[in-house]
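Have a look at the structure below before the remarks.
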Amino acid sequence: MNTMRANVFHGMNQFGVQDVARPHAGPGEAVIRVTLTTICGTDLHIIRGEYPVKPGLVIGHEPVGVIEELGSGVTGYLIGDRVLVGAITPCGQCHACLSGHQAQCGHGSGYEAIGGWRFGNTINGAQAEYLLVPSAQANLTKIPHALSDEQVVLLADIASTGFSGAESGGVRIGDAVAVFAQGPIGLCATVGAKLMGAALIIGVDGDETRLHVAKRMGADVVLDYRNIDVVAEIKRLTGGGADVTIEALGTQDTFEKALRALRPGGTLSSLGVYSGKVQLPYDAFAAGIGDHRIVTTLCPGGKERMRRLMEVVHHKRVDLTPLLTHRFSLEDICEGYRVFGERLDGVLKVAITP
Ligand SMILES: NC(=O)c1ccc[n+]([C@@H]2O[C@H](COP(=O)([O-])OP(=O)(O)OC[C@H]3O[C@@H](n4cnc5c(N)ncnc54)[C@H](O)[C@@H]3O)[C@@H](O)[C@H]2O)c1
Ligand SMILES: [Zn+2]
Ligand SMILES: [Zn+2]
């Protein structure tokens with residue numbers, strides 16, 4: 001069998017499952033048989049033509065699978081091992097990786113902006129029967145026997161990203177944290193803020209189902225931006241502004257509100273993928289001398305990150321399975337995109353089985 005089924009991007013709103021060449025592992029690489037994957041908000045940006053990738057690419061970047069082939073030089077794994085691979089696949093050897101910026105991996109040399117994100121961006125991705133894993137030694141993480149595919153699939157991207165919103169924001173025990181947007185990423189940021197020890201977590205969204213889930217995932221207060229002055233309410237609830245705000249949508253509106261809702265010296269931790277310009281209003285920015293910190297983070301990846309996240313699930317600190325609300329086969333992935341993209345039927349994340 002030299003072909004496989006895969007979801008191929010052809011152009012704006014043109015994509016679907018077709019036969020493509022099946023990958024084989026070269027030196028330092030592995031091939032996994034994908035057993036579960038999902039669709040990311042970023043995949044929606046891709047199919048809508050808002051984030052450019054080249055036509056002909058297999059998309060998707062959230063793989064769980066079983067090792068099918070191991071290239072030369074990859075040690076410590078066996079064919080048949082169940083593995084989780086992060087959305088971001090750093091080489092582990094370049095200046096960026098060795099300086100702790102794996103997501104900005106330069107593949108063996110310096111830094112490359114967003115260079116660690118390869119699946120479904122610059123190389124074929126995970127919405128397929130088989131997936132070629134580059135730099136396999138740095139990116140295959142064995143899944144503990146006790147954990148199911150559904151318990152770990154959301155760690156590849158949304159949990160790693162969402163938690164990093166709280167980590168990069170430097171949330172400290174006792175902090176007040178506001179999270180702008182409670183989509184899958186924002187919900188995981190809410191969970192992350194709780195894990196980091198926030199005392200008060202305020203979740204903001206305009207979707208009642210999601211606000212309801214936000215409470216279940218750890219938000220103490222939820223605010224519907226459609227019928228409340230969110231910034232004024234956060235200032236009131238926190239006595240002057242949040243210690244950390246997390247932006248989890250990627251719009252000027254939420255970015256600006258996240259800045260305005262901060263206390264002086266607070267940290268805005270931004271996760272959203274923006275398009276066009278993002279502007280800093282002079283007053284909210286205190287003319288540039290308000291001791292604010294603005295940090296951005298691309299999903300942390302690599303095998304050590306995935307191992308740590310699986311430990312968090314294994315020891316029952318968090319359970320993300322309630323976020324997997326819908327299930328589709330790979331053959332029906334277009335329907336999965338429709339339900340996820342149009343946010344039908346209370347969908348949060350969809351499980352896709354090849
Ligand atoms: N930094 C990273 O590594 C990384 C990784 C994955 C995704 N992302 C990005 O994160 C963003 C969020 O992803 P997602 O999958 O959670 O998106 P999503 O579209 O599923 O959810 C967005 C949420 O925002 C809410 N919303 C809309 N307008 C709002 C407003 N004005 N105020 C508050 N909430 C509002 C919506 O109701 C929805 O619940 C996207 O831009 C995605 O590309 C970033
Ligand atoms: Zn993603
Ligand atoms: Zn690297």
Side-chain angles (χ1 to χ4, degrees), residues 37-46 48 50-51 59-62 86-112 114-121 125-126 134-135 138-139 154 156-165 168 178-190 203-211 213-214 222-226 228 230-231 246-258 269-275 295-302 323 340-343 346-350:
T37 185
T38 173
I39 303 173
C40 178
T42 305
D43 296 323
L44 298 177
H45 290 310
I46 291 173
R48 291 170 181 162
E50 296 159 2
Y51 180 91
I59 54 179
H61 50 259
E62 298 161 276
I88 303 300
T89 48
C91 75
Q93 298 299 321
C94 69
H95 296 326
C97 284
L98 294 172
S99 304
H101 291 287
Q102 286 89 344
Q104 316 301 329
C105 170
H107 318 294
S109 56
Y111 288 76
E112 181 186 324
I114 328 181
W117 176 29
R118 305 183 72 187
F119 289 145
N121 181 26
S135 307
N139 287 298
L154 300 181
D157 184 355
I158 67 161
S160 189
T161 302
F163 294 1
S164 79
S168 297
V179 185
F180 286 80
Q182 294 293 305
I185 296 283
L187 287 169
C188 287
T190 295
V204 183
D205 206 289
D207 177 315
E208 269 148 42
T209 313
R210 291 177 176 210
L211 289 173
V213 180
V222 292
L223 303 177
D224 186 336
Y225 72 88
R226 294 170 307 175
I228 198 164
V230 168
V231 172
I246 301 176
E247 200 287 342
L249 181 60
T251 65
Q252 175 68 34
D253 178 58
T254 43
F255 179 83
E256 195 168 322
K257 283 182 181 150
S269 177
S270 172
L271 297 174
V273 174
Y274 301 86
S275 44
V295 293
T296 69
T297 315
L298 171 59
C299 173
L323 302 186
F340 182 65
E342 295 177 24
R343 271 199 255 142
V347 68
L348 286 167
K349 286 288 276 188
V350 298

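Not measured: the values here are computed from a predicted model. Counting convention: from 1, in listed order, for ligands and their atoms alike.
- Cys299 N, 2.8 Å is the protein heavy atom nearest to atom 3 (O) of ligand 1.
- Here the heavy atom of the protein found nearest to atom 13 (O) of ligand 1 is Ile185 CG1, 3.3 Å.
- In this structure, atom 21 (O) of ligand 1 has a protein heavy-atom contact shorter than 4.0 Å.
- For the Zn ion (ligand 3), protein N/O/S neighbours under 2.8 Å (waters excluded) are Cys91 SG, Cys94 SG, Cys97 SG, Cys105 SG.
- With respect to atom 25 (C) of ligand 1, the closest heavy atom belonging to the protein is Asp205 OD2, 3.2 Å.
- Considering only non-hydrogen protein atoms, atom 31 (N) of ligand 1 sits nearest to Asp253 OD2, 3.2 Å.
- Taking 4.0 Å as the cut-off between side-chain N and carboxylate O, Glu112 and Arg118 do not count as a salt-bridged pair.
- The proximity of Arg343 to ligand 1, defined as any non-hydrogen pair under 4.0 Å, is limited to the side chain.
- Nearest protein heavy-atom contact of atom 44 (C) of ligand 1 is Leu271 O, 3.2 Å.
- Of the candidates Val347, Leu249, Val230, it is Leu249 that places a heavy atom closest to atom 26 (N) of ligand 1.
- Annotation: atom 30 (C) of ligand 1 to nearest protein heavy atom, Tyr225 CE2, 3.4 Å.
- The residue among Thr161, Thr254, Thr296 with a heavy atom at the shortest distance from atom 2 (C) of ligand 1 is Thr161.
- When each of Ser135, Pro134, Cys105 is paired with Thr89, the side-chain contact (heavy atoms from CB on, under 4.5 Å) condition holds for Pro134 and for no other.
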